[in-house]
Amino acid sequence: MKILVTGGLGFIGSHTVVELQNEGYEVVIIDDCSNADEKVLDGITAITGKKPVFEKIDLKERSKVEEFFKRHQDIEGVIHFAASKAVGESVEKPLLYYENNIGTLVYMLKELSKKNSASFIFSSSCTVYGQADTMPITENAPVKPAESPYGNTKQIGEEIIRDTCKVTPGLNAIALRYFNPMGAHPSSEIGELPIGVPQNLVPFITQTGVGLREQLSVFGDDYPTSDGTCVRDYIYVVDLAKAHVVALQRLLGGKNKDNYEVFNVGTGKGSTVLEVIKSFEKVSGRKLNYKIVDRRPGDITSAYADTTIANKELGWKAQYTLDQAMKSAWDWEQKIRS
Ligand SMILES: NC(=O)c1ccc[n+]([C@@H]2O[C@H](COP(=O)([O-])OP(=O)(O)OC[C@H]3O[C@@H](n4cnc5c(N)ncnc54)[C@H](O)[C@@H]3O)[C@@H](O)[C@H]2O)c1
Ligand SMILES: O=c1ccn([C@@H]2O[C@H](COP(=O)(O)OP(=O)(O)O[C@H]3O[C@H](CO)[C@@H](O)[C@H](O)[C@H]3O)[C@@H](O)[C@H]2O)c(=O)[nH]1
């Protein structure tokens with residue numbers, strides 16, 4: 001069975017391609033390499049023993065998307081990762097984000113609407129909940145006004161899919177709301193490769209640990225949490241990748257209860273920034289150089305998932321601990337810097 005993975009050379013996409021190939025799916029990747037390198041294909045091939053088909057296409061070019069689907073009429077499912085994801089940049093360049101994250105989604109759905117049946121998985125984010133009123137966050141928590149154009153593209157994206165599914169009987173979709181993905185494949189063949197200075201906590205920690213950055217700034221220790229630093233739900237990227245496979249299988253097997261569904265993908269456990277640092281120090285055996293600085297504008301205090309619905313409906317549960325995920329991130333960082 002042939003599955004299209006857009007953004008399949010990226011961080012989460014590449015790990016998902018591995019899990020799909022391990023399950024026997026035939027994978028076609030589309031990526032424009034705007035935030036990834038073609039060498040990722042070698043990593044995927046080394047792990048799975050199979051090189052996925054790769055087409056370098058910019059999904060903003062609608063005619064190329066149309067032409068792609070004409071050539072690959074046997075595609076039965078699409079996992080749509082391709083998007084721009086830097087929150088700060090989205091504030092500076094909103095139209096770039098609306099074009100790349102919304103425009104490409106619309107083109108994709110237009111093509112899938114032409115088919116008799118299609119399954120579609122969308123990369124959403126817990127950012128849609130903003131600072132939720134209660135923890136853990138269930139899928140029924142209200143969607144709060146977005147803090148950034150990036151966050152808004154995830155909210156609008158979900159609405160576009162929901163509205164399209166309502167009038168397109170052959171289209172079945174699932175939006176997965178990721179909490180905080182981290183880590184690398186246990187083989188260290190693929191992992192997270194941020195361009196420039198990492199904006200996210202875990203790659204900043206591992207780059208500091210390996211000596212690439214001098215010091216980690218911890219953004220605020222005066223939040224109302226156990227140690228004053230913010231709480232997040234860090235989900236191992238391989239667990240997250242597996243959630244995509246089971247979500248896809250749910251749609252392909254006709255087991256979905258509605259033709260548009262939403263699931264939280266997290267561990268259900270919140271960790272503070274200082275706990276994440278402790279985990280790094282434990283698995284690496286190194287002291288991390290960090291200092292407490294002012295809060296980062298836009299940060300919420302706490303976000304962790306209620307995963308009851310995903311556990312029950314998808315038959316999926318995160319398996320890896322923070323320490324295991326951190327160890328994989330550290331192994332990967334050391335490998336790429338050696
Ligand atoms: N990493 C996170 O913390 C996180 C959290 C929640 C949601 N998400 C979402 O998950 C998805 C994947 O995230 P990621 O962390 O793997 O990001 P990533 O940047 O590593 O992967 C995205 C991939 O899409 C490609 N791409 C971007 N625009 C494209 C276009 N126009 N045409 C073709 N390819 C294009 C990039 O080259 C890249 O390889 C994104 O939609 C992101 O918004 C990520
Ligand atoms: O150098 C750093 C970087 C981060 N943090 C803190 O670490 C926590 C996690 O930050 P980060 O890794 O940037 O994740 P989030 O701010 O939670 O946002 C990520 O996770 C969201 C939910 O998946 C996505 O929507 C966003 O795109 C993605 O950047 C926060 O408390 C930050 O203040 C620091 O203290 N120092």
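- With rounding to the nearest 0.5 Å, the separation of CG in Asp58 from NZ in Lys60 is 3.5 Å.
- Under the side-chain contact (heavy atoms from CB on, under 4.5 Å) criterion, Ala243 pairs with Val265, Trp316, not counting sequence neighbours.
- Under the 3.5 Å distance criterion, the side-chain polar atoms of Thr168 are matched with a main-chain donor or acceptor of Thr164.
- For Asn264 (side chain) and Ala310 (main-chain N/O), no donor-acceptor pair under 3.5 Å exists by modelled atom type.
- Using a distance-only test at 3.5 Å, with no hydrogens or angles considered, a donor-acceptor pair links the side chain of Gln131 to the main chain of Ser302.
- Residues Glu281 and Arg286 are not paired through a salt bridge, judged by the lack of any N-O separation under 4.0 Å between the basic side chain and the carboxylate.
- Side-chain polar atoms of Asn101 and Thr153 form a donor-acceptor pair below 3.5 angstrom.
- Residues passing the side-chain hydrogen bond (donor to acceptor under 3.5 Å, both in side chains) test with Lys291 are Gln215, sequence neighbours excluded.
- Under a 3.5 Å cut-off, the side chain of Lys154 and the backbone N or O of Ser123 do form a donor-acceptor pair.
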May I have the list of side-chain donor-acceptor pairs in residues 324-331 shorter than 3.5 Å, sequence neighbours left out?
unit_1 : atom_1 : unit_2 : atom_2 : d
Gln324 : OE1    : Thr321 : N      : 2.8
Gln324 : OE1    : Thr321 : OG1    : 3.3
Lys327 : NZ     : Asp331 : OD1    : 3.3
Lys327 : NZ     : Asp331 : OD2    : 2.9
Ser328 : OG     : Ala184 : N      : 3.0
Ser328 : OG     : Ala184 : O      : 3.2
Ser328 : OG     : Ala325 : O      : 2.6
Trp330 : NE1    : Gln334 : OE1    : 3.2

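- With hydrogens and angles ignored, the 3.5 Å screen pairs a side-chain donor or acceptor of Arg250 with a backbone N or O of Glu313.
- Applying the salt bridge (Lys or Arg N to Asp or Glu O under 4.0 Å) criterion to Asp221, with sequence neighbours excluded, gives no partner residue.
- Within the 4.5 Å cutoff, the side chain of Val91 has heavy atoms near those of the Ser148 side chain.
- Of the possible donor and acceptor atoms, none in the side chain of Glu76 sits under 3.5 Å from a partner among the backbone N and O of Leu252.
- Asp306 places no side-chain N or O within 3.5 Å of a backbone atom of Ile137 that could act as its donor or acceptor partner.
- The aromatic rings of Phe11 and His15 sit perpendicular to each other, their planes meeting at more than 60°, with 30° as the lower class boundary.
- For the pair Arg232 and Phe179, the NZ or CZ position fails the cation-pi test of under 6.0 Å to the six-membered ring centre and within 45 degrees of the ring normal.
- Looking only at distances, a side-chain donor or acceptor of Gln21 sits under 3.5 Å from a matching main-chain atom of Lys50.
- For Thr6, the side-chain contact (heavy atoms from CB on, under 4.5 Å) test picks out Leu4, Leu59, Val78, His80, Ala82, Met108, with sequence neighbours left out.
- Within the structure, ring pair (Phe, Tyr, Trp, His ring centres under 6.0 Å) contacts touching residues 233-253 (residues at least two apart or in different chains) are Phe81-His244, Tyr178-His244, Tyr236-Tyr320.
- In this structure, Asp31 contributes its side chain and Leu9 its backbone to a donor-acceptor pair below 3.5 Å.
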